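Just so it is clear: chains get the letters A, B, ... in the order the sequence lines come, proteins before strands, and each one is counted from 1. Please read all numbers here as calculations on a predicted model, not as lab measurements. The analysis underlying the following values was restricted to heavy atoms, covering all of them including side chains, and did not include hydrogens, waters or symmetry mates.
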Protein chains: 2
Amino acid sequence: MLRAREKKLRLRDPERTRKRLLRAAFRTVYRSGFQSASVDAILAATNVTKGALYHHFASKEDLGYAIVDEIVAKFPHDRWLLPLERSNDNDPIDALIGIVKAIPARPRDVKGGCPLVNLAQEMSPLDEQFRKRLERIFHSWQEGIAEALRRGQHQGTVRCDLVPEESASFLIAMVEGYEVLAKNAQDPKVWNVGIKSIVGWLNSLRTPGNRKRGRSHRRV
Amino acid sequence: MLRAREKKLRLRDPERTRKRLLRAAFRTVYRSGFQSASVDAILAATNVTKGALYHHFASKEDLGYAIVDEIVAKFPHDRWLLPLERSNDNDPIDALIGIVKAIPARPRDVKGGCPLVNLAQEMSPLDEQFRKRLERIFHSWQEGIAEALRRGQHQGTVRCDLVPEESASFLIAMVEGYEVLAKNAQDPKVWNVGIKSIVGWLNSLRTPGNRKRGRSHRRV
DNA sequence: CGCAACATACCAACTAGTTTGTATGTCAAA
DNA sequence: TTTGACATACAAACTAGTTGGTATGTTGCG
């Protein structure tokens with residue numbers, strides 16, 4: 001193992017090369033879709049050659065699978081699962097509202113849409129390997145939310161008459177649905193209105209006694 | 001002008017040829033996406049030649065625009081706008097619930113997803129002409145629902161504290177979001193659970209006095 | 001009506017460029 | 001020196017779109 005200082009001077013650093021390929025591939029695929037993202041375009045976005053790419057990945061599909069596993073999977077994990085775990089003893093509804101409000105609404109993000117949905121929408125009907133990997137991500141996302149809701153039910157902050165798994169997938173559907181609408185409109189305003197509706201729905205999951213309903217009317 | 005009987009025997013029937021191209025193109029694009037649907041594949045699905053295609057359509061994009069205008073636009077129109085208009089004096093919530101429940105849940109439809117979302121998701125960030133056409137469809141869809149809700153507010157069957165446009169786009173987001181989830185799962189069960197949640201939400205739009213809440217517990 | 005003049009609808013082959021993937025060679029590091 | 005990590009050049013298949021030509025349908029005119 002080389003020290004970091006030496007690592008910088010290395011001409012050949014396979015891990016780094018692989019990472020760069022992955023990142024560039026993700027960006028290109030995010031823009032054009034997987035099928036239309038040409039290998040040449042990915043290579044042009046790096047200064048890596050085709051030989052290097054096919055040294056690290058057996059095929060374009062293989063590269064795509066790695067994108068899903070190593071990059072796309074991070075989004076729900078970092079943005080949803082980690083925050084939910086960290087707010088372990090707080091009201092999960094508050095946590096979820098915070099998470100929803102924290103989803104980036106920059107034009108760049110709105111226009112590109114959700115990478116997970118983009119890939120699922122394009123590849124799931126065409127390639128079972130893609131589909132399975134994407135489904136694993138959706139499932140752990142849903143399970144993380146459901147778990148938080150269950151916690152809230154035990155705490156008494158979340159209504160007991162709802163089925164956590166169903167509410168979780170409903171929330172995911174809302175978020176993804178609005179991201180699709182905002183992406184089509186290419187307009188962050190659409191997304192911001194969506195947040196408002198989603199937050200309203202989330203508040204309706206509180207136990208009737210517990211309604212702190214954040215009616216602070218800060219601008220949305 | 002030739003009579004219908006003679007028309008069948010005609011060797012050249014430009015309208016028919018155009019329609020056949022459109023239908024085949026729609027099916028191919030529905031399966032593979034627009035960019036990956038090759039012109040050759042579309043032609044192989046008909047017995048029309050490339051010359052004929054480029055006689056009727058200036059380019060592949062042009063063919064795509066025609067698909068949106070003449071085929072994709074029909075889905076929200078036929079499945080949402082027409083039923084809403086027809087149920088003019090009934091409770092719009094009942095009408096909407098009926099519409100949502102009537103969305104096909106056959107494996108074929110679930111696996112292919114919503115043609116409107118498929119195209120929007122793929123093409124809206126890449127081609128402004130696609131985007132505008134798709135946005136028109138989304139907008140008239142939303143406007144149709146909003147109008148029905150407004151009607152309900154005047155009738156007294158729909159809560160007055162909600163903003164019709166926002167509730168309309170919320171409903172669309174839910175429907176599309178769940179279609180994305182179901183498409184990724186490639187499983188109609190996911191969609192059926194979604195319907196349940198959406199119907200529950202729709203019932204929550206009724207004016208408190210008016211809750212007939214279809215709690216018939218028929219299996220979902 | 002009958003026929004020439006024209007316009008539309010279509011066909012098969014082709015072009016120029018792009019696609020993923022490979023075969024072979026070279027150079028750095030252990 | 002051997003082996004992994006690349007680079008270069010290339011191939012075979014596929015891409016959208018064009019070409020020149022032909023068969024059919026329509027229409028104006030005698």
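Taking B/E166 as the reference, A/V193, A/K196, B/V163 meet the side-chain contact (heavy atoms from CB on, under 4.5 Å) condition, with sequence neighbours excluded. For A/F130, the ring-ring contact (aromatic ring centres under 6.0 Å, His included) partners at least two apart in sequence or on another chain are A/F34, A/Y65. Under the ring-ring contact (aromatic ring centres under 6.0 Å, His included) criterion, A/W191 pairs with no residue at all, not counting sequence neighbours. Residues meeting the side-chain hydrogen bond (donor to acceptor under 3.5 Å, both in side chains) test with A/N118, sequence neighbours left out: A/K183, B/Q121. Applying the side-chain contact (heavy atoms from CB on, under 4.5 Å) test to B/P164 and every residue at least two apart in sequence or in another chain returns B/A146, B/L149, B/R150, B/Q153. Applying the ring-ring contact (aromatic ring centres under 6.0 Å, His included) rule to A/F138 yields no partners; only residues at least two apart in sequence or on another chain are considered. Partners of A/A44 by side-chain contact (heavy atoms from CB on, under 4.5 Å), not counting sequence neighbours: none found.
For residues 68-81 of chain B, the side-chain hydrogen bond (donor to acceptor under 3.5 Å, both in side chains) pairs, not counting sequence neighbours, are B/R18-B/E70, B/D69-B/R133. Under the side-chain hydrogen bond (donor to acceptor under 3.5 Å, both in side chains) criterion, the residue pairs touching residues 35-52 of chain B are A/Q35-B/S36, A/S36-B/Q35, B/R20-B/N47, B/Q35-B/E122, B/D40-B/K50, with sequence neighbours excluded.
Minimum atom distance to the side chain of A/T49 is reached by D/dA7, of the listed D/dA7, D/dG17, C/dC11.
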For nucleotides 15-18 of chain C, which of its nitrogen or oxygen atoms have a protein nitrogen or oxygen under 3.5 Å away, and what is each distance?
none

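The CD-P distance, from A/Q35 to D/dC14, rounds to 15 Å in whole Å. Note: CG (B/L43) to C1' (C/dA13) measures 14 Å, nearest angstrom.
Look at A/K132 and A/E135 and you find no salt bridge, because none of the NZ, NE, NH1 or NH2 atoms lies under 4.0 Å from a carboxylate O.
Here B/A37 lies in heavy-atom contact (under 4.0 Å) with sugar-phosphate atoms only.
Taken residue by residue, residues 17-31 of chain A places no heavy atom nearer than 4.0 Å to DNA chain C. For the contact set between residues 50-59 of chain A and DNA chain C, defined by any heavy atom under 4.0 Å, the members are A/K50, A/Y54, A/S59.
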